[in-house]
Amino acid sequence: MSKPAPQTHEAPKLRVLEQFLFREARLLDEQRWDEWAALFTEDGTYWVPATHGQPDPLHHVSLMYEDALLRAIRIKRYSHPNAPSLQPPPRSVHVISNVMLDSHDPETGACTVNSRLVMVEYRRDSQAIYAGACTHELVRDGDSFKIRHKKVELVNCEGALENIQLYL
Amino acid sequence: MSKPAPQTHEAPKLRVLEQFLFREARLLDEQRWDEWAALFTEDGTYWVPATHGQPDPLHHVSLMYEDALLRAIRIKRYSHPNAPSLQPPPRSVHVISNVMLDSHDPETGACTVNSRLVMVEYRRDSQAIYAGACTHELVRDGDSFKIRHKKVELVNCEGALENIQLYL
Amino acid sequence: MSKPAPQTHEAPKLRVLEQFLFREARLLDEQRWDEWAALFTEDGTYWVPATHGQPDPLHHVSLMYEDALLRAIRIKRYSHPNAPSLQPPPRSVHVISNVMLDSHDPETGACTVNSRLVMVEYRRDSQAIYAGACTHELVRDGDSFKIRHKKVELVNCEGALENIQLYL
Amino acid sequence: MSSYTDQQLAEMVRDECVHRSLYTDPEIFELEMERIWGRAWIYVGHESQIPEPGDYFTTEVARQPVILIRHRDGSFKVLFNRCAHKGSKVLENPSGNARFIRCGYHGWIYHTDGTCRTVTGGKAAYGNSDSGCPQPDLDLKPLPRAASYRGFVFASLAGDGPELEPWLGATAASFDNMADRSPEGELEVTGGVLRYRHDSNWKFFVENLNDMMHAMIAHQSSAQTAQRMGQQLFGDGQAPAAIQILSPFASDANFFEKMGIHAFDHGHSYSGGKISIHSAYSEIPEYTEAMEAAYGPERTREIFSLNRHNTVVYPSFTLKGAIQTIRVVKPVAVDETIIESWTFRLKGAPDELLRRSILYCNLINSSANLVGPDDHENYHRIQHGLKTQGDDWISMHRYLDADEPNDEGGRSATGSSDMVFRNQFKAWKAYMTGANGAGTGR
Amino acid sequence: MSSYTDQQLAEMVRDECVHRSLYTDPEIFELEMERIWGRAWIYVGHESQIPEPGDYFTTEVARQPVILIRHRDGSFKVLFNRCAHKGSKVLENPSGNARFIRCGYHGWIYHTDGTCRTVTGGKAAYGNSDSGCPQPDLDLKPLPRAASYRGFVFASLAGDGPELEPWLGATAASFDNMADRSPEGELEVTGGVLRYRHDSNWKFFVENLNDMMHAMIAHQSSAQTAQRMGQQLFGDGQAPAAIQILSPFASDANFFEKMGIHAFDHGHSYSGGKISIHSAYSEIPEYTEAMEAAYGPERTREIFSLNRHNTVVYPSFTLKGAIQTIRVVKPVAVDETIIESWTFRLKGAPDELLRRSILYCNLINSSANLVGPDDHENYHRIQHGLKTQGDDWISMHRYLDADEPNDEGGRSATGSSDMVFRNQFKAWKAYMTGANGAGTGR
Amino acid sequence: MSSYTDQQLAEMVRDECVHRSLYTDPEIFELEMERIWGRAWIYVGHESQIPEPGDYFTTEVARQPVILIRHRDGSFKVLFNRCAHKGSKVLENPSGNARFIRCGYHGWIYHTDGTCRTVTGGKAAYGNSDSGCPQPDLDLKPLPRAASYRGFVFASLAGDGPELEPWLGATAASFDNMADRSPEGELEVTGGVLRYRHDSNWKFFVENLNDMMHAMIAHQSSAQTAQRMGQQLFGDGQAPAAIQILSPFASDANFFEKMGIHAFDHGHSYSGGKISIHSAYSEIPEYTEAMEAAYGPERTREIFSLNRHNTVVYPSFTLKGAIQTIRVVKPVAVDETIIESWTFRLKGAPDELLRRSILYCNLINSSANLVGPDDHENYHRIQHGLKTQGDDWISMHRYLDADEPNDEGGRSATGSSDMVFRNQFKAWKAYMTGANGAGTGR
Ligand code: FES
Ligand code: FES
Ligand code: FES
Ligand SMILES: [Fe+3]
Ligand SMILES: [Fe+3]
Ligand SMILES: [Fe+3]
C-alpha cells in the first residue's frame with residue numbers, strides 16, 4: 001500500500017531511480033520472485049510487445065502482458081516440481097543502462113523512466129541474448145517507488161524466438 | 001552554433017555527460033537521425049576504425065569515417081524508398097556504460113569522454129552484437145555539448161563483418 | 001600498501017565506486033595488466049566459480065581462482081613470445097553496470113560492491129559473450145580502494161565453454 | 001537424389017510404430033519437403049490479410065518464399081517470390097501494398113498478377129522469337145495450384161491432386177464453425193502474429209495437438225497452479241479469462257478421453273466435438289444476442305455446441321474454432337520448426353471475444369508463454385532421446401484396432417488412443433511412397 | 001550407409017602415417033561413433049557419484065543420452081535416457097535423486113532399474129498378447145553391457161566383446177594405483193566438473209596426452225614463466241603448489257624421453273611410470289603417515305613409486321593417478337569435442353590432497369586455465385592445417401620399429417616416439433574395419 | 001566423391017541460362033573448390049606486402065591456408081600453411097616477419113623457403129633411408145605453381161595449365177594501367193584491408209561487378225541522394241570527392257550501355273575502357289605534373305585515357321585501376337563469401353590519390369559502407385529466391401548473340417548484355433567438366 005502522497009514532490013534523483021531499477025534487475029537475477037512481484041502496484045502491468053511501436057496490449061498479441069494474477073501464476077509455476085522446461089532451471093543476467101527520467105508529476109510524484117536492457121538467459125548449454133528499451137511508470141511509495149507499468153521493447157520482438165522463460 | 005564560451009569552465013559532472021551520451025544513444029535507437037546529426041559540430045567527425053590502434057582515418061581504411069556531408073547523405077538514404085537493404089528496416093539498441101571523463105580544458109570547456117558500448121543491430125530474424133570503446137570529444141554548447149569527434153573502436157573491427165547499417 | 005585507516009569512514013559514494021570499477025574494466029580492456037594487478041591487495045583473490053552458488057574455491061573446481069602469484073604468472077605469460085593461443089592476441093570489452101553498494105564497514109571503510117558484467121572476448125573472427133554478476137570486496141587505500149576479493153559469477157559458468165583467455 | 005527407396009520408406013512406418021529416423025534424418029526431412037510439403041495443400045494465409053488491390057503478404061511454402069497478393073480484379077494470387085530476371089526475391093517485407101511489384105536489383109516491374117509490366121532497358125534486348133532467339137519467360141510464376149475456403153488460402157506445389165474442399169473433408173466443418181461464430185459469418189485476421197521457434201522436428205508439434213494424454217501431465221505446472229489460484233481467489237464465482245484459459249489444461253484423464261479424437265483421409269484429424277478445453281468459457285451475453293439476432297437461437301446453439309479442440313489439416317495447419325486462432329507449421333530443418341500463431345476477429349462480435357483470443361495466444365502461443373515451454377521442452381527431449389539405440393521404433397500401439405468408423409467418413413477413438421498418430425503416418429507413407437492415391441496422402 | 005569400404009578405411013591407416021580425412025571428414029566421424037564408440041567400453045561415470053538408491057547421473061555414450069543410476073538393490077544400472085512410450089529423455093538434470101523415474105511428457109513411471117511401474121491411463125489400453133495385438137516394450141532399455149572397475153563404470157553399446165577388466169589390461173593398474181593412494185583404498189568424485197569445449201577432432205586430444213614432445217614447446221609461456229618466478233621468489237626453498245604444478249611442463253626433452261611411453265591392446269597407453277611431471281610434488285607428511293598406517297611403509301613406497309603421467313583408455317577416458325583426476329572425452333562433431341575433468345578425493349587422506357587436485361584442474365583443465373589454451377590452439381591449427389593439399393598424410397614415423405616389448409604385455413618406447421599414435425591407429429583400423437578381433441580394437 | 005557426372009554438370013549450363021543448383025547445392029560448391037579454385041590461378045597477395053626477407057602474409061587459396069613469404073634470396077614463396085610434422089598451421093598471424101618459421105606445437109623450424117631447418121629432438125629419430133625405414137618429408141610444401149605479374153602474386157593448386165601472363169590475357173593491361181598510373185610504375189599495398197562477409201554464393205559477387213544494369217536501380221538510395229546533395233550544395237562547382245565517388249553509380253542507362261563490357265578466355269572480363277564511373281573524378285594537377293614528368297604528356301594522356309571500370313580475373317580477383325583498389329573473393333560455403341578490399345599507393349604520386357582510394361573503399365567496400373549493402377541484400381534475395389521451384393533456370397538471354405569480337409581477342413557488347421555472365425559460365429563449364437582445354441577454363 002503506498003502511503004498518502006505529500007503535497008508536492010521534487011523530481012527524483014537519477015541515482016535513486018537507477019538503484020531502484022538495479023534492485024529490480026537483481027531480484028530477477030537472484031530469482032527472488034515474490035520480492036520482485038511486490039515492486040508492482042496492485043494494478044501494475046508488465047508488457048513485452050510482439051511488434052515495434054505496438055499501440056495496444058489488448059487487441060494485438062504480445063510476448064507477455066501480465067497483471068498481478070498472471071505474475072502470481074507464473075511465479076508459482078517457477079517452483080512447481082513438474083515443469084519440464086524448468087529442469088534444469090534457466091538463469092539470467094539483467095544489465096540495465098542509459099537510465100533517463102522522461103517525465104515527472106510534481107503533484108503525485110509519479111514518473112516515467114526510460115532505460116536500456118540487455119538480458120542474457122542461459123539454460124542447458126545455450127545462451128540467448130535479448131536487448132531492448134524499458135519504460136517504467138513509477139508511482140511514489142513512501143520514499144521509494146512502485147511499478148505501475150513496465151514495458152520492455154525488444155529489438156528482436158518480431159523475430160522467431162525460442163522460449164523466453166524468465167522475466168525481462 | 002556553439003555560443004561564445006565563458007572565461008573558465010568547471011569540469012562537467014559525470015551525470016551530465018552520461019545523460020548527454022544516453023540521449024545520443026536514444027536518438028539513434030529511435031531513428032531520430034536529424035536530431036542526432038545536430039549533436040555534432042559543423043566540423044564534427046564520426047569514426048569507426050577498421051583495425052586496432054589505427055592512427056589515422058585518412059591513410060588507412062575504416063569501417064566508417066564520416067563528416068557532416070557523409071552523415072547527411074547516409075541519413076537521407078535512410079528515408080529513400082528504394083533501398084533494398086533497408087526493407088525491412090534494421091533496428092538497434094545502444095547500451096552505453098563505463099562513462100569516464102578523460103580530460104577537460106577549463107578554458108574552452110572542451111572535454112574527452114570515454115565509454116563502453118554494446119550495440120545490437122537486428123534485421124530480418126538476425127541479430128548482430130557489436131561491442132567496443134567510445135571516445136567522445138565534446139565542446140561546450142551553452143550549458144550542453146556538441147560532438148566534435150566520436151570514435152568507436154569495435155572489439156571485432158578486424159573481423160569479417162556482415163552489413164553494419166546503423167550508426168554505432 | 002594501504003595507509004592506516006582513519007577512525008570512521010562515510011559510506012563511499014556510488015559514483016566513486018563506479019569510477020573505480022570502470023577504471024578496473026578499462027585497464028583490462030587496454031591490457032594494462034600490471035596496473036590492473038596493482039589494484040589488488042597483496043592477499044587479494046580473483047574468483048570465477050564453475051557452478052552456481054559455489055560455496056568454496058578450494059574444494060570445488062573453478063574456472064579461475066587466482067592469488068597474487070597466479071595473477072603474476074598469467075600476466076607474465078601474456079607477454080611471452082611463444083604462446084600459440086595468444087597469436088593473434090585476444091581483445092576484450094568489459095561493460096560494467098548495475099553498481100550497488102551491498103555493505104560498508106564504517107570502522108575499516110571496507111565495502112562490498114555488486115555489479116553486472118558483460119564481457120566480450122574476441123579473437124580470430126570469433127566473438128564470445130560472457131555475462132555475469134560481480135562482487136567486489138574493497139578495502140580503503142587512502143582516498144581510493146584496493147580489491148581484496150573479486151568474484152565473477154557467469155550466467156553460463158556450467159556450460160561447456162571454449163577458451164576464456166582474458167580476465168573477466 | 002535420395003538414397004532411400006520407396007520400399008525402405010514404406011518399411012519405416014508400421015501399423016503400430018514408426019522408425020526414429022523419420023524425426024532425425026536430414027535426408028528424410030528433405031524428402032518430406034519434396035513429397036509431402038511439395039504435394040499437399042499448404043496453408044498460405046487468409047484473404048482478410050489482403051483486402052485491397054496490391055495488398056500482399058509474404059510467406060513460405062515448403063521453405064520456398066511465396067507471395068499472397070490481391071490482384072486489381074479482386075482475385076488473389078499465390079506467386080513464387082522469385083524475379084523472372086535473375087531470381088531475386090521481389091518482395092521482402094512481411095506484408096504491405098504494392099501497386100506494382102518492382103524488383104530491387106535491376107528494377108523489373110510486374111503487375112499484381114505477376115505478369116511482367118516493364119523490363120529495364122526494354123524487351124527488345126531479348127530479340128524476338130522470329131529471330132529464332134530463345135526467349136526468357138518474363139513473368140513471376142504462380143504456384144501450380146491455389147484455392148481458398150472461407151477465406152483460408154492454401155496452395156500446392158503439385159499440379160494435380162484432389163481439389164481443396166474435398167481434400168479438407170470433415171475438417172472443413174471446423175473452418176465453417178469458426179466463421180459461423182461471427183454474426184456476419186466473416187473472419188478477419190487481426191492482432192499480429194506470434195512466431196515461436198522450436199529446436200525439434202515439425203511432426204512433434206503436429207502430433208502433439210491431438211495428443212490427449214500429455215496436457216494434464218506436461219502442463220501441470222501452469223494449469224494446476226491456475227486452477228488452484230482460481231479456486232483460492234474466486235472460489236466458485238466467475239474466474240477471470242486467464243484462469244478459464246489455463247485451468248482446463250489440467251482436466252483429468254476422463255475429460256480428455258471423453259473429448260475423443262477423429263481421424264480422416266490425408267492425415268487430417270480433430271479432437272473434441274461436443275466438449276473441449278474451451279467449452280467452459282463463460283458466456284458473453286451481448287455476443288449471444290448478436291448471434292441469435294443473426295442466426296436465430298437454434299442455429300446459434302448449434303454453432304456453439306460444436307466444440308472442436310484442435311483441428312489438424314495435415315501437414316501445415318491447425319485451427320481452434322472456439323477461440324478463433326490458428327497455428328501454422330513452418331519446417332526449417334529436421335530439428336527446427338517455426339510455429340506461427342494468428343488471431344481472428346469475428347466480424348460483428350463484441351470486442352471482448354477478440355481480447356480473449358489475444359489473451360489466449362499470449363498465454364499459450366507466444367515465445368514467452370506459460371504453457372508452450374513444456375511442450376517445447378518435451379519435443380526437445382524426444383529429439384534427443386531418439387538419438388539412442390535404445391529402441392529404433394516409436395510406439396503407436398495405444399488402442400490399436402480399437403477405433404470405430406464415424407459418420408463423417410473417418411474413424412473415431414477415445415482421447416488417449418494413438419489413432420491420430422497412426423493416421424498421420426498412414427498419410428506420411430502414402431505421400432512419401434506415392435502409394436494408394438499417387439502421393440495424395442490418402 | 002557409409003560410402004567407404006572397409007578396404008578404403010584400412011588403406012587410410014599405414015604403419016607410419018595416417019590420412020588427413022580421419023580428422024576432417026564428417027562421414028568418417030559418424031563411422032567412428034558407430035564402430036569405435038559403438039563397440040568399445042566407454043566411460044560413463046564413477047559409482048561414488050551415485051551412493052544412494054535413486055541417485056542418478058546423466059551423460060552421453062557416443063553422443064547418445066544415457067543414465068547411470070543406483071537401483072534399490074544397490075546395483076547400478078546404465079540405461080538409455082529414452083522413454084519407452086514416445087522416446088522423450090526421462091531425466092534431464094545432470095544429476096539428482098529419483099525414487100522413481102517419471103517422464104515429463106505423459107507421465108509414465110519407471111523403477112530405478114528401468115522396469116515400467118506405471119503407464120499413464122493403464123496398460124489395458126495396449127490390449128494383451130492373447131488378443132494377438134502387438135505389444136510395446138514398456139521398460140527403459142539398459143545399455144547392452146555395463147561394468148565397473150574400482151568404481152569406474154564403463155558401458156558398451158555392443159552386446160559382445162571382451163570383458164572390461166581384460167580389456168583394460170595393463171591400464172587397470174593405473175586405476176588401482178589411484179585408488180590405492182587412498183588409505184582406505186577408496187575414491188570419491190568430488191568438487192564438480194569442468195567442461196571444456198574444443199573446436200577440433202576428438203583424436204587430437206587423445207593423442208596429445210601421451211605426446212611427450214609438445215609440452216616444453218607448447219607450454220613454454222606458462223611453465224617457463226612459472227619456473228622462473230618460482231626460482232626468483234622461492235629460490236631452492238619449497239615453492240607453492242601452483243609453481244610445483246606448472247613448472248614441470250617445461251621440463252627438458254631428456255626428462256620426457258625418460259618418462260617413456262607404453263602401449264597396449266585396444267589402443268590403450270600410458271606415459272611415465274617411475275617418474276612423471278607429478279613426481280616432484282612435495283610430500284605431505286600427515287598423508288604419508290596415514291598411508292603407512294594403512295599399508296605399511298613398503299607397500300606405501302610401492303604405491304607412491306608408481307608415477308604414471310597420463311593413462312589413456314582408448315577412446316573415451318584418461319586418468320592421472322598421482323593427482324587424482326580424470327578427463328573424459330565427449331565427441332560432438334568431426335571438429336568439436338568436449339573434455340570433462342573430474343576430481344577425486346582419496347578417502348582417509350588429508351584435505352590438502354584434494355585441494356591440490358582441485359588447484360591442478362583449475363590450472364590445467366578449466367576453460368580459463370593457464371596451460372590448456374595452447375593445446376587447444378594447436379589442435380585448432382592442425383584441424384585447419386589438414387585442410388590443405390600440402391600432404392594427405394600425417395607422419396607417425398618417429399622411432400618407427402624402435403620400440404620394445406614390455407613385461408606388461410605391451411610395448412614401450414622412449415618418450416618422443418610416435419609409438420602411441422601408431423598403436424591408437426592400429427586399434428582405430430581394427431575397430432573400423434572389423435579386422436583381427438572383429439572390431440574389438442586389438 | 002561427387003554424385004554428379006561431367007555430363008550432368010555440362011547440362012546445367014546452357015548458352016542462355018544456368019541451373020539454380022549452381023548457387024544453392026553444397027555439393028556443387030565443393031566441386032567448384034576442387035575443379036575451378038583447384039585449377040585456376042588464384043590471387044594470393046601483392047609483393048609489396050612482403051618487401052623484406054622473412055616478411056610473410058597468410059591467406060587462403062580455395063579455403064586452404066597458405067603463406068606468402070619473402071625468402072632470403074629475395075624470391076617469394078607460396079607455401080601450404082601446414083607443418084610437415086603433424087600438420088599444424090605454422091603461422092597464424094595475418095602477417096609479420098619470421099627469420100625462421102617455427103611451429104607452435106612441437107617446435108619444428110623451417111627456413112623461409114619452407115625447407116626444414118630443425119626437427120625437435122633431431123632427425124636421427126627418423127632413422128635413415130639406408131635402414132630401409134620409410135622417411136617423412138620434413139619440408140613445408142610449396143603450392144604447385146606460383147607466379148607474379150606486376151607484383152600481383154597468383155598461385156595454382158594444379159601442377160599444369162597455362163602460364164599466368166597468357167592466362168591473364170587482355171586483363172593484364174588492367175594491371176599495367178594501374179601500375180603505370182604511378183609515376184614510378186610501382187604499386188604499394190597500404191592502408192589495411194576491409195573484410196566484408198556476405199551470406200551468399202561467391203558467383204553473385206563476381207557476376208555483379210560487370211553487371212551494368214543494376215547500379216542505377218540498386219544504388220539509387222545512396223547515389224541519387226549524393227547526386228542531389230551535390231547539386232544542391234555545390235551546384236556546378238567542384239563537389240568534394242565523396243560526391244564524385246557516389247554520384248556516378250546513379251548514371252543513366254545510356255552511360256552504362258556506353259561503358260560496354262568485354263569478355264575473354266578463362267571467364268575473365270572487364271567493363272568500361274574509354275569511360276567508367278571513375279572517369280569524371282576531378283584532376284589533381286600535381287599528380288598530372290608528376291606523371292608527365294615521368295612519362296611525357298602523350299603517354300600520360302594515354303594512361304589516363306584507359307578507364308576500365310571493373311576487371312574480373314575469374315574466379316578470385318577483381319581490380320579497379322582508376323581508383324587503385326582490388327577486391328579478393330574468398331568463398332567460405334555455398335552461401336557464404338568473404339570479400340576483401342585492398343588499397344594501393346601509386347609510388348611517386350601525391351598523397352591525395354591514396355586518400356581518395358581510401359575514401360572510396362570506406363564508402364563502397366567496408367561492412368558499414370553506403371553502397372554495398374544494397375548489392376549484399378540483392379545477393380541474399382537471389383540466394384533465397386532461387387530456393388523456389390518457380391523456375392530452375394536463371395536467364396542469360398540478354399543480347400544473346402549480339403556481341404562482337406574485339407581487337408583484344410575477346411568479345412565486346414553493350415553494357416547491359418548478359419555476355420559476361422555467359423562467358424563466365426562457359427569457363428565454369430570448361431573447368432567443371434574438363435572440356436576444351438582440360439579444365440583450364442577456356
Ligand atoms: S533480378 Fe530482378 S530485376 Fe534483375
Ligand atoms: S514420451 Fe514419456 S510418457 Fe510419453
Ligand atoms: S605439428 Fe608442427 S612441430 Fe609438430
Ligand atoms: Fe501441450
Ligand atoms: Fe599439453
Ligand atoms: Fe553494385
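Just the heavy atoms: all of them, side chains too, but no hydrogens, waters or symmetry mates, feed the values below. Letters A, B, ... are given to chains in the order of the sequence lines, protein chains preceding strands, and every chain is numbered from 1.
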Quick check on [X] against chain F: is it the side chain, the backbone, both or neither that has a heavy atom closer than 4.5 Å?
X: Gln54(B); result: neither
X: Thr51(B); result: neither
X: Pro81(B); result: neither
X: Glu162(B); result: both

Classify the ring geometry of His214(F) against His219(F): parallel below 30°, tilted from 30° to 60°, perpendicular beyond 60°.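 Aromatic pair His214(F)/His219(F) classed perpendicular.
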For the residue pair Phe152(F) and Tyr43(F), does the interplanar ring angle fall in the parallel (under 30°), tilted (30 to 60°) or perpendicular (over 60°) class?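 Tilted: the ring planes of Phe152(F) and Tyr43(F) meet at 30° to 60°.
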Side chain, backbone, both or neither: which part of [X] has a heavy atom under 4.5 Å from chain B?
X: Leu370(F); value: both
X: Gln224(F); value: side chain
X: Ser222(F); value: both
X: Pro240(F); value: side chain
X: Arg381(F); value: side chain

Go through the steps for Leu39(B) and Phe145(B) under the test side chain to side chain contact (heavy atoms under 4.5 Å, CB included), then give the verdict. CA-CA 8 Å; Leu39(B) 293 178; Phe145(B) 301 94; over 6 Å; no
Pick whichever of [options] has the most heavy-atom pairs under 4.5 Å with chain F.
options: Leu86(B), Leu70(B), Asp56(B); value: Leu70(B)
options: Ala72(B), Ala50(B), Cys157(B), Ser79(B); value: Ala72(B)
options: Asp67(B), Leu166(B), Val61(B); value: Val61(B)
options: Glu66(B), Met64(B), Arg74(B); value: Arg74(B)

Looking at Glu60(F) and Arg63(F), does any basic side-chain N land under 4.0 Å from a carboxylate oxygen?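 So Glu60(F) does not pair with Arg63(F) through a salt bridge.
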Assess whether a salt bridge exists between Glu377(F) and Arg123(B), defined as any Lys/Arg side-chain N lying under 4.0 Å from an Asp/Glu carboxylate O.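 Salt bridge between Glu377(F) and Arg123(B), a charged N being under 4.0 Å from a carboxylate O: yes.
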A cation-pi test, strictly: NZ or CZ of Arg148(B) under 6.0 Å from the centre of the six-membered ring of Phe40(B) and no more than 45 degrees from its axis. Yes or no?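 No - Arg148(B) does not lie over the ring of Phe40(B) by the 6.0 Å and 45° rule.
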Verify side-chain hydrogen bond (donor to acceptor under 3.5 Å, both in side chains) between Arg23(B) and Gln19(B), making sure each step is shown before the conclusion. CA-CA 6 Å; Arg23(B) 173 148 186 283; Gln19(B) 290 293 309; over 6 Å; no
Among [options], residue most engaged with chain B (heavy-atom pairs, under 4.5 Å):
options: Cys361(F), Ser221(F), Ser366(F), Ala226(F); value: Ser221(F)
options: Asn362(F), Leu246(F), Asn378(F); value: Asn362(F)
options: Val193(F), Asp199(F), Ile339(F), Leu233(F); value: Asp199(F)

Trp36(B) and Glu24(B): CA distance, side-chain angles, deciding distance, side chain to side chain contact (heavy atoms under 4.5 Å, CB included) verdict: CA-CA 6 Å; Trp36(B) 176 76; Glu24(B) 187 212 349; 3.0 Å; yes
Any donor and acceptor pair, going by atom type alone, linking the side chain of Thr337(F) with main-chain N or O of Ala333(F) inside 3.5 Å?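 No, Thr337(F) side chain to Ala333(F) backbone: no donor-acceptor pair under 3.5 Å.
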For Trp342(F) together with Phe57(F), are the ring centres under 6.0 Å from each other?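 Yes, they do, as the ring centres are separated by less than 6.0 Å.
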